[in-house]
Structures are given as structure tokens and as C-alpha cells.
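Remarks on the structure that follows.
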Amino acid sequence: RIITRDSHTHKACRPKNFTDYDTIKHEFKFPQISGHFNFAEDVLDKWAEKEKAGGRASNPALWWVDGQRREVQWSFEELGFHSRKLANVFTELCQLRQQDRVFLMLPRIPEWWLVNIACLRTGTVLLPGTCQLTARDILHRLRTSGAKCVVTDEFLAPLVDEVAPQCPALNCKIIVSHSNSRRDGWRNLQDLMSNVSSDHVCVKTPRGDPMSIFFTSGTTGSPKMTQHSQCSFGIGLTVNGKYWLDLTARDVLWNTSDTGWAKTAWSSVYAAWIQGSCVFVHRMPRFDSSTVLETLSKFPITTFCTAPTAYRMLIQEDMSKYSFGSLQHCVCAGEPINPEVMQKWKEATGLHIYEGYGQTETVLIAGTFKGMDIKPGSIGKASPAYDVQIVDDEGTPLSKGTEGNIGIRVKPDKPFSLFTEYTGDPEKTAECYRADFYLTGDRGYMDEDGYLWFVGRADDVILSAGYRIGPFEVENALIEHEAVAESAVVSSPDPIRGEVVKAFIVLKAEYESHDKSQLVADLQTHVKQVTAPYKYPRKIEFVEQLPKTISGKIRRVELRKREWSTKPEAE
Ligand code: ATP
Ligand code: MG
């Protein structure tokens, strides 16, 4: 494998916070906090004080644009002012009490961030949901969580009304609407905020109390409700902010993820604000490559975070039309990033894509940190917050180079940044633990240098004629072929081999009219040339698009089910 040496001489590449991995691994310590912790009071209000005393760069804390000239810039002090008012709305006008649950479904608008902070100030537990939920999804979330309050917009309110009669705990419905229209049974956020004071005393929250319930992406099944404590993200995401995102108070971070996912909390709330950075938000209702590239060129964004699927789309554009003068650091997380895509991005921007590996259940588990040598295809080294080991199904650590479960040591002390439970599902929670380890459900191995290599989700690994094949290594080989825009590789039944590798391929537009049987042969030859030949896809199907989660992750499970529900084909 090629090791890319990070260019320390290039200004943009010089890390601001990272020295070398071993030093950080041995010296990094989280701040010692016993008793109470509240992110609003202990972090945000401290930045507001610094700001007032002239001790912070003059960046806004939140910078929102809608792409149509509307813009909001709030300092930490202004964030404090508005969120204290909203906290008073929650407690005085809505009678919400500490640990009551608040279900939030809003697109990327500034109020989403205010609700996050108001929940912290009042000790109410936030459940962010994506705006793409159906009435049935909403019902499931409201009932399972017993949410007392919902905050949403005029487009989603009718869906909530459809199911609200079946949710007896729900007694407060707040709508965010900038039009003058009113909706029966709903209270308008603007009206409510105009009637309350901006004085509010943040509640004392014990550090282990529940803070938020996030939904997993639903890549393998129904999204799981994952509960985190007050200090989990609030302190635990220091590693993400400081080392992986390499942020300081001068930086402007743009992370494009949907407000329904923990990833938005990771990057666009906690990791950025722990470091005092500016959180940049584009309203962008739908991912649009040219909007993204224009925004990166136009605004002083220093740090960019998006999903691998988005990078795959961006590199299809003519990137030479844009200049990226402010951009210094790019990261991705949520899925493997193809080395080919990293290479193309580097050619266009001069910057590496640094990878983060983590889950809704955790903070960053491993990553490539700026200043560290990158091994393309590896997810980097373990976060200093965790003791990450490759373990067998009983939780026994395996030797270097051996594939197994990616696990996090939880004994003698469970790391505080690990989720507390899957809400209402103690059995599922217990299933994640084996001996001294939390098992991620992902397979991988660690090489002699301590780099981790992601093989696949346990269910996605293909067993063909005695070989174990991770879908990602085949997908990486395929995307190196000029005809391939993206692909998903799954197992498919085979009468002789049991299962074989099948690739679903989305072609680049200019290859759609090419002769398909010739393309199949070319692609098979190509894979045999660039990786171990036994991995080549014996079956190939061309598709217009791949099934993905709302957050853009490939749902191999869907393709696999389709394959295995049809009769095995003869070769
Ligand atoms: P569900 O648990 O509902 O099936 P999900 O696992 O996709 O969905 P998330 O918590 O959003 O939900 O995603 C975490 C998973 O995403 C990880 O367990 C891993 O499989 C994958 N992942 C995250 N980052 C990376 C990465 N850098 N490389 C490879 N896989 C990654
Ligand atoms: Mg998962």
C-alpha cells in the first residue's frame, strides 16, 4: 500500500493542534469533570464570556445562509440570548421539566440550533429526527420516546397531527413558521419567544443524565434510538474537534449532514463549539454539487466535512471552475472513502480527505489526523479517547493482521463518551458487549503500525469458495475504472461456490450507451488486474442508482436480500 506523506511544508496542510500520534495517544486527557456538566453553561457561555473580553476571533458562532441572500450571523452572546428565551418558553409556557423529551424535526434553519441549546439549558432530552420521516416513522418515535413536546415546521406539522391522537404524552406542539398563518393546536415559536425574558438560569445537570437520543442511520435495519449522557458528546467530542477537524476559534466549519443524524450533533454542534469555532450552515434542502462547490469558493470556510457519497458526486463536476482559497482541511465519515476519490479531490483542491470512523453510539473511534501519514484505504489510528482492539466473537483480542470485530475496551472503566443504552431495548444494548469490549458490529484488522483497516459490516462480508471478501475492496477497485461512478458489492447465491461477488454498478453518463457485455468483461478484467483476482465480481448488474439511507449510505442489505430471495442462477 502507498503511504501518502502529509506535506508539512504546505501552509494549508500544517496541523494546528496535532503534534504526533504517539504523544497525543499517551498524553491526551479529557478535562476532569465530576458531578455536574452542562454544555450550554460550561462551554457555550464560557465562549460568550471570552468573546466579550475580546479573547476570541471575531467569527460568528453560527453563520447561516440560505443561498438566496438571507443570512444570519450570531455570536456566542447572541446564541445565548435567543436560546435563554427559548429555554423560558419551554419551562414557563410549555411547562416542560428536566428530562422531558423534545422531538425536533426541522430543516437546516437557525432555530434547529436554538432548540438544541434550549434543551441543554432546561435539561430536557432532545430527539432530533430527519425531515424525511413519514407519519408512521413519526408515530414510532413519539410513542417509543414518550415525547412531551414536538418542534417542527408547517410542512411536517400535518404529519404530526395525523398521529398525535395516538401519542397521549404529547402535550405541546410548537411550529416554526415565518408566515403569518397559524395552525390549530400549535403554538408559534416566534410568538412564544416575543413574550418571554432572556434571563434564564441554566439547570444543573448531573454528568450522567440523559442529554439526547439520536437515531442510527438505519443502514442495516430500523434506526435504533441511541441515548447519550450530558458529558458524552459535550466532552467526548473534544478529540473530533481538536484533532480530527483540527479546529481553532478562528476556523469556519461547514458540515453538510442532515439535521436528523448524530453526525450533525458531532460536527455542527459539539466538536466545533468545544473549540469555539464558527459553525457554517447552508440551508440547501437537497444536496447539490454546484451549490456546494460555489459555497466553498465564496465563503471563508476553512474546514469541510461531508459524506463519501457527496465527495463521489463532487468529483464528477468540473472542479477547475472553482477556487478554494480559504479551504484548509477536508474530512469525511459515515462510510468508507475510496482512495480513488481522495486522489481526485487532492488533484482538484490540493487537499487530502481525512477519514473519521465512528458510530451514533460513540464519538470518533478512529481517524486519520492531520499531520499523520495517511495509508489510503485505512481508517487511520484509534482515537486517543478509546482503547480500540480487534477481538473475536467472545471478546478476546486478536493479533495484528488478523481480521475480527472492531471493539472498544469498556472494562474496568466504561468510556463516558459511549452511548448509555438503546432506548427501551435493554436486550439489544446488552448484545453489544462481549467480555471487556463493546463490539461495533464492524469487521476490520489492525496492521503492524497500528493502522486500522475497515473490512465491512459483519453482515456485508462475502464468503466465497473459502475466501472472505470485504465489499469495499472490490468497490475501490471498480471505481478506479473510468466507466464507474459508484458501485455496491454484495454476496449472491451460487450453486457451486455457495456465494459469489456481485457488483451493482452506476455508470458515468458517457458510458451508459456502451455495449454492456463488453463493459462487464472489461470491468472483470480490470478488477483482476488491480486487486487479488479471487475478488473479481462474477456477476455484474448495471443500475441507475443504488439504494441509500437518507444520510446517503449504501444499503447493501437491500441488494443482498434481493439477490437471496431469487433463485440461484447457474453460472
Ligand atoms: P444502523 O446501525 O441503523 O444500521 P448505521 O450503522 O449506518 O445504521 P451510524 O451510526 O450512522 O448508523 O453509522 C455508523 C456505521 O457507519 C459504522 O458502524 C460503520 O459501519 C460505518 N462507518 C462510519 N464511518 C466509517 C468509515 N470511515 N469507514 C467505514 N465505515 C464507516
Ligand atoms: Mg450501526
Side-chain angles (χ1 to χ4, degrees), residues 128-130 137 140-141 212-228 233 240 244 255 257-267 305-312 330-339 341-342 353-369 374-383 386 388 405-408 418-419 422-423 425 428-429 431-432 438-445 451-461 470-473 475-476 488 547-558 560-561:
T130 165
D137 299 330
H140 173 67
R141 282 153 176 75
S212 282
I213 297 174
F214 298 104
F215 295 90
T216 58
S217 297
T219 312
T220 52
S222 295
K224 298 174 281 270
M225 294 172 70
T226 311
Q227 184 174 297
H228 279 271
F233 276 19
N240 294 45
W244 181 56
N255 158 55
S257 55
D258 183 288
T259 50
W261 308 119
K263 183 69 189 52
T264 299
W266 263 38
S267 294
C305 175
T306 197
T309 185
Y311 281 112
R312 283 197 291 269
C330 301
V331 300
C332 73
E335 268 201 310
I337 179 95
N338 316 94
V341 175
M342 288 169 81
I353 299 173
Y354 290 81
E355 185 155 359
Y357 163 73
Q359 301 186 304
T360 309
E361 292 87 340
T362 66
V363 293
L364 190 82
I365 299 172
T368 46
F369 303 105
I374 294 178
K375 297 193 188 190
S378 155
I379 51 176
K381 293 194 179 187
S383 156
Y386 288 137
V388 180
N405 302 292
I406 303 179
I408 296 172
L418 209 57
F419 76 121
Y422 292 125
T423 309
D425 203 340
K428 205 170 208 92
T429 310
E431 275 169 21
C432 301
Y438 160 75
L439 302 194
T440 55
D442 294 323
R443 308 276 302 178
Y445 62 93
Y451 281 76
L452 287 154
W453 297 79
F454 176 86
V455 171
R457 289 167 190 271
D459 299 344
D460 286 345
V461 176
F472 178 51
E473 35 189 2
E475 290 163 16
N476 277 346
K548 290 190 178 166
T549 62
I550 295 167
S551 51
K553 299 192 192 199
I554 298 172
R555 294 200 74 230
R556 292 182 191 81
V557 63
E558 217 171 281
R560 194 168 54 239
K561 270 193 191 148

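Scope of the values below: all heavy atoms of this structure, side chains included, with no hydrogens, waters or symmetry mates. Counting convention: from 1, in listed order, for ligands and their atoms alike. All residue numbers in this chain count up from 1 along the given sequence.
- Among Gly441, Gly218, Ala333, the residue whose heavy atom lies nearest to atom 8 (O) of ligand 1 is Gly218.
- Between Tyr386 and Val363 the shortest side-chain heavy-atom distance falls below 4.5 Å.
- Close approach of ligand 1 to Thr219 is summarised as follows: ligand atoms under 4.0 Å from at least one heavy atom of the residue are 1 (P), 3 (O), 4 (O), 5 (P), 7 (O), 8 (O).
- Which parts of ligand 1 touch Thr220 is read off a 4.0 Å heavy-atom cut-off, strictly below it: atoms 1 (P), 4 (O).
- Residues Asp460 and Arg443 are not paired through a salt bridge, judged by the lack of any N-O separation under 4.0 Å between the basic side chain and the carboxylate.
- Each of the following atoms of ligand 1 lies closer than 4.0 Å to a heavy atom of Glu355: 26 (C), 27 (N), 28 (N).
- The side-chain heavy atoms of Thr360 and Phe215, taken from C-beta on, include no pair separated by under 4.5 Å.
- Ligand 1 places these atoms under 4.0 Å from at least one heavy atom of Thr360: 9 (P), 10 (O), 11 (O).
- Heavy atoms from both the backbone and the side chain of Tyr357 come within less than 4.0 Å of ligand 1.
- Looking at Gln359 and Thr440, their side chains come closer than 4.5 Å, going by heavy atoms from C-beta outward.
- Between Ser222 and ligand 1, not a single N/O pair is under 3.5 Å apart.
- Under 4.0 angstrom from ligand 1, the non-hydrogen atoms of Lys553 all belong to its side chain.
- Among protein heavy atoms, the minimum distance from atom 12 (O) of ligand 1 is reached at Ser217 N, 3.1 Å.
- In plain terms, the two heavy atoms of Pro308 and Ala333 that are nearest each other are CD-O, 3.4 Å.
- Remark: ligand 1 atoms within the under-4.0 Å shell around heavy atoms of Phe454 are 20 (O), 29 (C), 30 (N).
- Only one option out of Thr423, Thr429, Thr216 pairs with Lys224 in a side chain to side chain contact (heavy atoms under 4.5 Å, CB included); it is Thr216.
- Comparing Pro336, Gly358, Gly356, Gly444 by heavy-atom distance to atom 28 (N) of ligand 1, the nearest is Pro336.
- Shown are Glu431, Gln227, Glu361; of these, the side chain to side chain donor-acceptor pair (under 3.5 Å) with Tyr422 is made only by Glu361.
- The proximity of Arg457 to ligand 1, defined as any non-hydrogen pair under 4.0 Å, is limited to the side chain.
- Looking only at heavy atoms of the protein, atom 19 (C) of ligand 1 is closest to Asp442 OD2, 3.2 Å.
- Protein heavy atom closest to atom 22 (N) of ligand 1, with residue, atom name and distance, is Gly334 O, 3.2 Å.
- In this structure the side chain of Tyr354 never reaches within 4.5 angstrom of the side chain of Phe369, judged on heavy atoms.
- Seen from the ring of Tyr451, Lys375 counts as a face-on cation partner, given the 6.0 Å and 45° thresholds.
- Interface of Lys224 with ligand 1, defined as ligand atoms under 4.0 Å from a residue heavy atom, comprises 1 (P), 2 (O), 3 (O).
- One finds a salt bridge joining Glu335 and Arg312 here, because a Lys/Arg side-chain nitrogen approaches an Asp/Glu carboxylate oxygen to under 4.0 Å.
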